[in-house]
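Chain identifiers are assigned alphabetically (A, B, ...) following the order of the sequence lines, protein sequences preceding nucleic acid strands; residue numbering begins at 1 within each chain. These numbers come from a predicted model, not from an experiment.
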2 protein chains.
Amino acid sequence: MTKADAPSSPPTQRVTSHDVSREAGVSQSAVSRAFTPGAHISPETRQRVLEAARKLGYQPNAIARSLVTQRSGIVALIVGDLHNPFYPQALSQFAQALEHRGKRALLLTHDARRDVQETLDAASRYQIEAAIVFPTRLNSTLPSLGDVSKGGVPVLLFNRHLPGRNLLSVACDNYAGGRLAAQVLLDAGATQLAFIGGDPETSTHQDRLRGFEERLREAGLDLLAAPSHAFQYDWGVQATLDLHAAGHVPDAVFGANDIVAIGVLDALRQLGRRVPEDVSVIGFDDIQESARLAYRLTTIRQPLEIMIEDALRALDDPRPGNGPSLHPGELIWRDTVKRYDTAKGQT
Amino acid sequence: MTKADAPSSPPTQRVTSHDVSREAGVSQSAVSRAFTPGAHISPETRQRVLEAARKLGYQPNAIARSLVTQRSGIVALIVGDLHNPFYPQALSQFAQALEHRGKRALLLTHDARRDVQETLDAASRYQIEAAIVFPTRLNSTLPSLGDVSKGGVPVLLFNRHLPGRNLLSVACDNYAGGRLAAQVLLDAGATQLAFIGGDPETSTHQDRLRGFEERLREAGLDLLAAPSHAFQYDWGVQATLDLHAAGHVPDAVFGANDIVAIGVLDALRQLGRRVPEDVSVIGFDDIQESARLAYRLTTIRQPLEIMIEDALRALDDPRPGNGPSLHPGELIWRDTVKRYDTAKGQT
DNA sequence: CTGAAAGCGCTTACAG
DNA sequence: CTGAAAGCGCTTACAG
């Protein structure tokens, strides 16, 4: 039943620690110890084992190891649709950070039609040590998420905060970011400020809006408008067009994230409005696309690396009360917000 | 030593098939059978087991199953840097397609500093059934890749073709795509055609260039220039600026991929050249960004879904001679190439 | 259809 | 330091 091997290839079939022990003339335990960092084994034996292993092309079976150690070393990365390029970037950085810690990332997708719980169940069969959930919209699936968290495996929400839940969470300080966006726009001399939202059910949308609106109110200003729908380019375009069609002409727009803000910019250009002379635009995330010469979007950068480090740290010590960690966003000045002095000159 | 449990949470500790068998009053084998689709088990017993399982929150241990069945159900997805948004998209679609087949994706990163072999070794410890490699530049690591392929686990290169190697490979027909790009640009009336390349060591770059150049030559034309460096936005900008600075003024540019072509567009705009009136631009891939109103890039779309299906099919039957599958690209007309009739009017 | 038992490839007390 | 042995949680012949 074995397929004919290519001439030069070894007789294959999986090579196990027994094969190596035979080759090295030691016990199977010794082979195991040779591959275990802190194990009690003489340097000579280890050397002999390692050589035999190399000769046979032996790689320890991580599956078997997981079974006995009860630690799989696997962390689940659960992603929804990846329309927002912010997430792929986070994803690969997570995978890399996990590897640095000797762990592996199991990639699972989650579409809106199914419950996240299903995906988490599937993941739990692989004895994952933790799960990191990249959100699209999670609201509909909140209840079940809590259970998993209790069930033993810590679940961490990336870039979302679910108030009142016993979930780990790492996010940017979106409220402060919202305030910062308002501040920047106010400094630019804006008085007619609009917020083009994303998915209104998400904490990112809500927190950014709240911070933005609050800061405006402190300045004695009301929001010109705050339509919301989805974190998508098309929506940014549409909302901007609608806004102007309805006679609401902003002199500053805060896009709920960069993808939306880029849609805003393209719509503004189509409407013949000059950025930043006629209208300032600021976004959130700082994705690659925002730096294109065609956009040069001023935005608030999420400190991805720090957030990821923090996420992994939190997962190492998943205290139930290890509430959301909030990281301040960083203002990235580019060309879509009127400069202070320019504003002064014009006001 | 067990940590104190939260009040409402069950006594936890992993629940196994033995726990379920006890609860259901059957043997452990019966529990196993209840969770095995085609197994010989009476509907009643299965029902009883399933209920007990639900009650206890039992999930079969996929790790243990893998050990005995010798099939992990895990496929490694090995990614380099994800600067090109084409790959994240492919990545998540792969993960999804694998799930549809009951398999899981193990996500591994590969940076240019290390050998792909290391990553493949790490993956093989998890008894992966196959590996799919998303390239950045693979040339330096070719030799080792062949070995793994022979070692038993099929390795498939996505979007690259390594001639003469015993590797599986799925890619777009880049040669034909190059010819198509030339055809489209010739039809637009162009006579001064430049190719802005990507990484010159990659098959995608080479094949697209070859097809492009060949078609030009058939039309009695020479390439105006064909600088190459990397599949990056900044390079597209730089190369275009350099080209013009050197006095090579193209009336058509083929960007080796969309990211490069978008850089070309931005540089052209900066130079004050009108697209497509003064110069036509075509790209390759059809990433999301290409559809932005600011770009509306005419491009050749890679048939991602078909390529992925084909990749998974090939992995199911990894015949050594299952050479590269080539899929034709699809021309996506947008606004960066002069229309035929327009061209006619102007020529 | 059902259960007892062997065994997948490891790790880890336990003796020596 | 080293080896023999038990056991991680399953699947799967083997009898019945």
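- Within 4.0 Å (heavy atoms only), A/T45 reaches sugar-phosphate atoms of the nucleic acid but no base atom.
- Closest to the side chain of B/S29, out of C/dA5, C/dT11, D/dC1, is C/dA5.
- B/L67 has its CG atom 9 Å from the C1' atom of D/dC8, to the nearest Å.
- Within 4.0 Å of B/T69, counting heavy atoms only, lie sugar-phosphate atoms of the nucleic acid but no base atom.
- A donor-acceptor contact under 3.5 Å links the side chain of A/R33 to the base of D/dG3.
- Between B/I41 atom CD1 and D/dT11 atom C1' the separation is 13 Å, expressed in whole Å.
- With distances taken from any side-chain atom of B/R14 to the nucleotides D/dT11, D/dG3, D/dG9, the minimum falls on D/dG9.
- Distances from the side chain of B/S17 to the nucleotides C/dG9, D/dC10, D/dG9 place D/dC10 closest.
- Of all nucleotides listed (C/dA4, D/dG3, C/dT11), C/dT11 comes nearest to the side chain of A/V68.
- Without hydrogens or angle criteria, A/S203 side chain to A/H161 main chain gives a donor-acceptor distance under 3.5 Å.
- From A/S17, atom OG reaches atom CZ of A/R65 across 10.5 Å, with rounding to the nearest 0.5 Å.
- Residues A/D19 and A/R14 are not paired through a salt bridge, judged by the lack of any N-O separation under 4.0 Å between the basic side chain and the carboxylate.
- Heavy atoms of B/S32 sit under 4.0 angstrom from at least one base atom.
- Remark: C1' of D/dC8 and CG of B/N61 are 9 Å apart, rounded to the nearest angstrom.
- The side chain of A/T16 approaches C/dG9 more closely than any other nucleotide in the set C/dG9, C/dA4, D/dA5.
- If you check the side chains of A/S42 and A/T45, you find a donor sitting under 3.5 Å from an acceptor.
- In this structure, A/Q70 reaches the sugar-phosphate backbone alone: every heavy-atom distance under 4.0 Å involves primed, P, OP1 or OP2 atoms, never a base.
- Pairing for C/dA4 is absent, judged as Watson-Crick or G-U wobble with the two contacts each under 3.5 Å.
- Distances were taken from every side-chain heavy atom of A/Q28 (C-beta onward) to each of D/dG9, C/dG3, C/dC10; the shortest belongs to C/dC10.
- Across C/dG16 and C/dT12, the matching C1' atoms stand 16 Å from one another, rounded to whole Å.
- Counting to the nearest Å, the P atom of D/dG9 and the NE2 atom of B/H18 are 9 Å from each other.
- For the residue pair A/T204 and A/R160, a side-chain donor N or O sits within less than 3.5 Å of a side-chain acceptor on the partner.
- One interatomic measurement links the two molecules: OH of B/Y126 to C1' of C/dC8, which rounds to 18 Å at whole-angstrom precision.
- Using a 4.0 Å heavy-atom distance criterion, A/Y58 is classed as a sugar-phosphate-only contact.
- The CD atom of B/Q59 sits 11 Å away from the P atom of D/dC10 (whole-angstrom rounding).
- Distances were taken from every side-chain heavy atom of A/A64 (C-beta onward) to each of C/dC10, D/dG9, C/dG3; the shortest belongs to C/dC10.
- Side-chain contact check for A/S66 and A/Q127: no donor-acceptor pair (N or O, by modelled atom type) lies under 3.5 Å.
- Between A/S42 and the phosphate of D/dC1, there is no side-chain N or O to OP1/OP2 separation shorter than 4.0 Å.
- In this structure, B/R46 places its CZ atom 14 Å from C1' of C/dT2, rounding to the nearest Å.
- Distance CZ (A/R71) to P (C/dT11): 14 Å, rounded to an integer number of Å.
- Pair assignment for C/dA13: none, as no Watson-Crick or G-U wobble contacts are both less than 3.5 Å.
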